[in-house]
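These numbers come from the heavy atoms of this one structure, side chains and all, not from hydrogens, waters or symmetry mates. Note that the structure is a prediction, hence the values are computed from the model and not measured. Counting starts at 1 for both ligands and their atoms, following the listed order.
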Amino acid sequence: MHSLISNIKQWGLELGFQQIGMTNTDLSQYETRFLDWLVKKFHGKMDFMEKHGVKRSRPADLIPGTVSIISARMDYLPPDTSAIEVLQNSEKGYISRYALGRDYHRLMRKRLDLLANKINAVAGQIGYRAFCDSAPVLEKPIAEKAGLGWIGKHTNLINSKAGSWFFLGEIYTDLPLPSDNPVTNSHCGSCSACMDVCPTQAIIGPYQLDARRCISYLTIELREAIPVELRPLMGNRIYGCDDCQLVCPWNKFAKPTQEKDFHPRHQLSSPDLIALFHWSEEEFLRKTEGSAIRRIGYECWLRNIAVALGNAPRSEKIIQALNSRLQHTSALVREHVEWALQRHA
Ligand code: B12
Ligand code: SF4
Ligand code: SF4
């Protein structure tokens, strides 16, 4: 067993993960907080968060026979993305650094499958399922229990040697594995930088996120009109938001990813807002092929850019661009364009 464990960790590194940990399926200490979050309706319109009830916090209810979980971390921050410069330039649109390259879901799951195949080859036919943001799984609590880091006040997992710019994935298995030491203490201390910087005050208390106010939710998960009172606070963030991580002192330990698939494509790390607003639907589909951005669809893409154009300082070029979309077939797009034009009136 001892050599199997060290092999699993070594294979993980060879497959491009930066850390692998293991834990059992007892997530009871997190279940109450998760249910409380749902009761407070902090999940907003993300129905998938409540759909499966406690299957999310009870792994063996989701996949019968599961006794252990392998948790994996893969860093995604591309080198030199000039995040702050883009955020400060209102002619540019800011896209979350995790979404600049290829969609992570498939890449992560493929690698996790390869890891499980290697385990199969030596441990016999194990039962397993690999996930990355693809099933009702409490990924951050699992990673915290498996020793990968602690859940910070901004609610992302932080590793003391690598910051928080990483994805998480898991293998649920019926193979009994010993648990790694969990991270039991938060190392946030008296810091509250993420809570202070959040443009929409979505972190309503330490370790508590009201997703309905989070720009990531508003630009990616919400499929309808963005609440009017939050629009001016969104600045030029058109897909996701990174502010709470950009300001986190632990991210000075983050290293750029070696994964070429996570490197920016189509100059999306510093795109011109007006140019993006002029993309046709065909162009949107072509340029976001294989990217997570495509999931929000063309309508929400235009909605988000219209808000950013409404937040930019007035210019003739911006007014012309907005006017060119005033007759758009989508009522959602038209309403956000009208709002943006009103801001400049
Ligand atoms: C729903 C979701 C969202 C929602 C809600 C976020 C959230 N915090 O829940 C929205 C759309 C806003 C979102 C945004 C983002 N997400 Co997201 N998201 C998820 C998803 C699908 C589920 C998360 C979940 O279970 N939420 C439920 C609530 C209850 O969890 P929670 O807020 O973390 O609360 C826990 C703790 O904070 C704690 N707690 C609560 N109260 C208290 C009080 C005290 C005193 C203490 C000590 C603890 C405590 O208990 C809760 C239960 O464990 C996961 C994938 C997955 N299946 O896990 C990805 C995931 C969490 N997201 C991820 C990412 C990358 C992001 C973004 C950075 C993307 C971006 N740049 O725009 C942002 C970050 C925003 C933020 N500050 O969290 C990564 C995080 C990786 C990491 N390093 O942690 C994940 C794990 C996806 C992945 N596979 O990599 N996301
Ligand atoms: S991602 Fe942005 S909006 Fe969401 S909590 Fe972090 S800083 Fe706030
Ligand atoms: S910014 Fe400060 S409080 Fe927020 S997660 Fe990082 S260390 Fe914790």
*asked:* Within ligand 1, which atoms have a heavy atom of S96 less than 4.0 Å away?
replied: 70 (C), 71 (N), 72 (O)

_4.0 Å protein heavy-atom contact status of atom 16 (N) of ligand 1, strictly under_ = no

*Which pair of heavy atoms, one from P199 and one from L233, lies closest together, and at what distance?*
CB-O, 3.4 Å

_Could you work out, for atom 4 (Fe) of ligand 3, the closest of G163, C244, C194 by heavy-atom distance?_
C194

*asked:* Below 4.0 angstrom, counting only protein heavy atoms, does anything approach atom 3 (C) of ligand 1?
replied: no

*Scan the protein's non-hydrogen atoms and note whether one is under 4.0 Å from atom 56 (C) of ligand 1.*
yes

*Please state whether I203 comes within less than 4.0 angstrom of ligand 3, counting heavy atoms only.*
no

*In terms of residue, atom name and distance, what is the protein heavy atom nearest to atom 5 (S) of ligand 2?*
L209 CD1, 3.5 Å

*Considering only the protein, which heavy-atom contact is closest to atom 8 (Fe) of ligand 3, and what is its distance?*
C188 SG, 2.3 Å

*Is L27 reachable from I171 through a run of hydrophobic residues whose side-chain heavy atoms are each under 4.5 Å from the next?*
no

*Close-contact set for ligand 3 against I158 heavy atoms, below 4.0 Å*: 5 (S)

*Which heavy atom in V122 sits nearest to a heavy atom in L4, and how many Å separate them?*
CG2-CD1, 3.6 Å

*asked:* Can you check atom 63 (C) of ligand 1: any protein non-hydrogen atom closer than 4.0 Å?
replied: no

*Please write down residue, atom name and distance for the protein heavy atom closest to atom 3 (S) of ligand 3.*
C191 O, 3.2 Å

*asked:* With heavy-atom distances below 4.0 Å as the criterion, list the atoms of ligand 1 near C244.
replied: 77 (N)

*With a cut-off of 4.0 Å, which atoms of ligand 1 are near a heavy atom of D242?*
71 (N)

*asked:* Checking side-chain polar atoms at under 3.5 Å, does N311 have a donor or acceptor matched by the opposite partner on R231?
replied: no

*Check each of M49, K40, E139 against atom 22 (C) of ligand 1 and report the one with the nearest heavy atom.*
M49

*asked:* What verdict does the side chain to side chain contact (heavy atoms under 4.5 Å, CB included) test give for K118 and Q10, after you've listed the backbone C-alpha separation in whole Å, the side-chain angles of each residue and the deciding distance to 0.1 Å?
replied: CA-CA 11 Å; K118 281 180 177 277; Q10 183 56 33; over 6 Å; no

*If you measure from atom 29 (C) of ligand 1 to every heavy atom of W37, F48, Y239, which option wins on shortest distance?*
W37

*asked:* Closer than 2.8 Å to atom 6 (Fe) of ligand 3: does that hold for any N, O or S atom in C248?
replied: yes

*Do any non-hydrogen protein atoms sit less than 4.0 Å from atom 70 (C) of ligand 1?*
yes

_Any protein heavy atom nearer than 4.0 Å to atom 83 (N) of ligand 1_ = yes

*Going by an N to O cut-off under 4.0 Å, is there a salt bridge joining D47 and K45?*
no

*asked:* Taking D103 first and then R295, would you say they form a salt bridge - that is, a charged N and a carboxylate O separated by under 4.0 Å?
replied: yes

*asked:* Judged on heavy-atom distance to atom 73 (C) of ligand 1, which of A292, G149, S216, C188 sits nearest?
replied: S216

*Which is it for D180 and K9 under the salt bridge (Lys or Arg N to Asp or Glu O under 4.0 Å) test, yes or no, and what are the steps along the way?*
CA-CA 12 Å; D180 281 301; K9 296 196 173 183; 2.8 Å; yes

*Atom indices of ligand 1, in the order listed, that fall short of 4.0 Å to a heavy atom of G240*: 72 (O)

*Any N/O pair V137/ligand 1 closer than 3.5 Å*: yes

*Within the structure, does C241 bring an N/O atom to less than 3.5 angstrom of an N/O atom in ligand 1?*
yes

_Audit row: R212, F42, side chain to side chain contact (heavy atoms under 4.5 Å, CB included) steps and yes/no_ = CA-CA 6 Å; R212 294 169 300 183; F42 286 170; 3.6 Å; yes

_Quick check: do D210 and R213 have side-chain heavy atoms less than 4.5 Å from each other?_
yes

*Can a non-hydrogen atom of S216 be found less than 4.0 Å from any atom of ligand 2?*
no

_If you compare all heavy atoms of M195 against all heavy atoms of I203, which two are closest, and at what distance to 0.1 Å?_
CG-CG2, 3.7 Å

*Go through ligand 2 atom by atom and flag the ones less than 4.0 Å from a non-hydrogen atom of C198.*
3 (S), 5 (S), 7 (S), 8 (Fe)

_Are D174 and Y128 packed together at the side-chain level, in the sense that at least one heavy-atom pair is separated by less than 4.5 angstrom?_
no

*Just jot down the ligand 1 atoms closer than 4.0 angstrom to any heavy atom of L168, in number order.*
88 (C), 89 (N), 90 (O)

*Are any non-hydrogen protein atoms located under 4.0 Å from atom 19 (C) of ligand 1?*
no

*Is the cationic atom of R325 (NZ for Lys, CZ for Arg) positioned less than 6.0 Å from the six-membered ring centroid of F277 and within 45 degrees of its normal?*
yes

_Test ring pair (Phe, Tyr, Trp, His ring centres under 6.0 Å) on Y76 and F262; report intermediate values, then the result._
CA-CA 6 Å; Y76 63 71; F262 295 155; 7.1 Å; no

*Any non-hydrogen protein atom less than 4.0 Å away from atom 90 (O) of ligand 1*: yes

*What do we get for M108 next to ligand 1 when only non-hydrogen atoms under 4.0 Å count, side chain, backbone, both or neither?*
neither

*Any atoms of ligand 3 less than 4.0 Å from a non-hydrogen atom of H154? List them with their elements.*
5 (S)

*Give me the ring orientation class for W150 and H187: parallel if the planes are under 30° apart, tilted from 30 to 60°, perpendicular past 60°.*
perpendicular

*Assess whether atom CD of Q201 is packed by more than 12 heavy atoms of other residues, nucleotides or ligands within 6.0 Å.*
yes

*Among all protein heavy atoms, pick out the one at the shortest distance from atom 7 (S) of ligand 3; state its residue, atom name and that distance to 0.1 Å.*
W250 CD1, 3.5 Å

*Which of the atoms in ligand 1, numbered in the order shown and given with their element, are less than 4.0 Å from a heavy-atom of E221?*
11 (C)

*Is there a chain of hydrophobic side chains (I, L, V, M, F, W, Y, each step under 4.5 Å between heavy atoms) that links L332 to Y217?*
no

*Considering F166, Y98, Y207, which one's heavy-atom position lies nearest to atom 41 (N) of ligand 1?*
Y207

*Does M108 belong to the same Ile/Leu/Val/Met/Phe/Trp/Tyr cluster as L77, with side-chain heavy atoms less than 4.5 Å apart forming each link?*
yes

*asked:* If the cut-off is 4.0 Å to any non-hydrogen atom of C214, which atoms of ligand 1 fall inside it?
replied: 12 (C)

_Nearest heavy atoms of F166 and L157, plus distance in Å_ = CZ-O, 3.3 Å

*Between L157 and ligand 1, which residue portion shows a heavy-atom distance shorter than 4.0 Å: side chain, backbone, both, or neither?*
both

*Side-chain contact, heavy-atom cut-off 4.5 Å: M49 with F34?*
yes

*Per-atom contacts, ligand 1 versus L138 - under 4.0 Å to a heavy atom*: 25 (O)

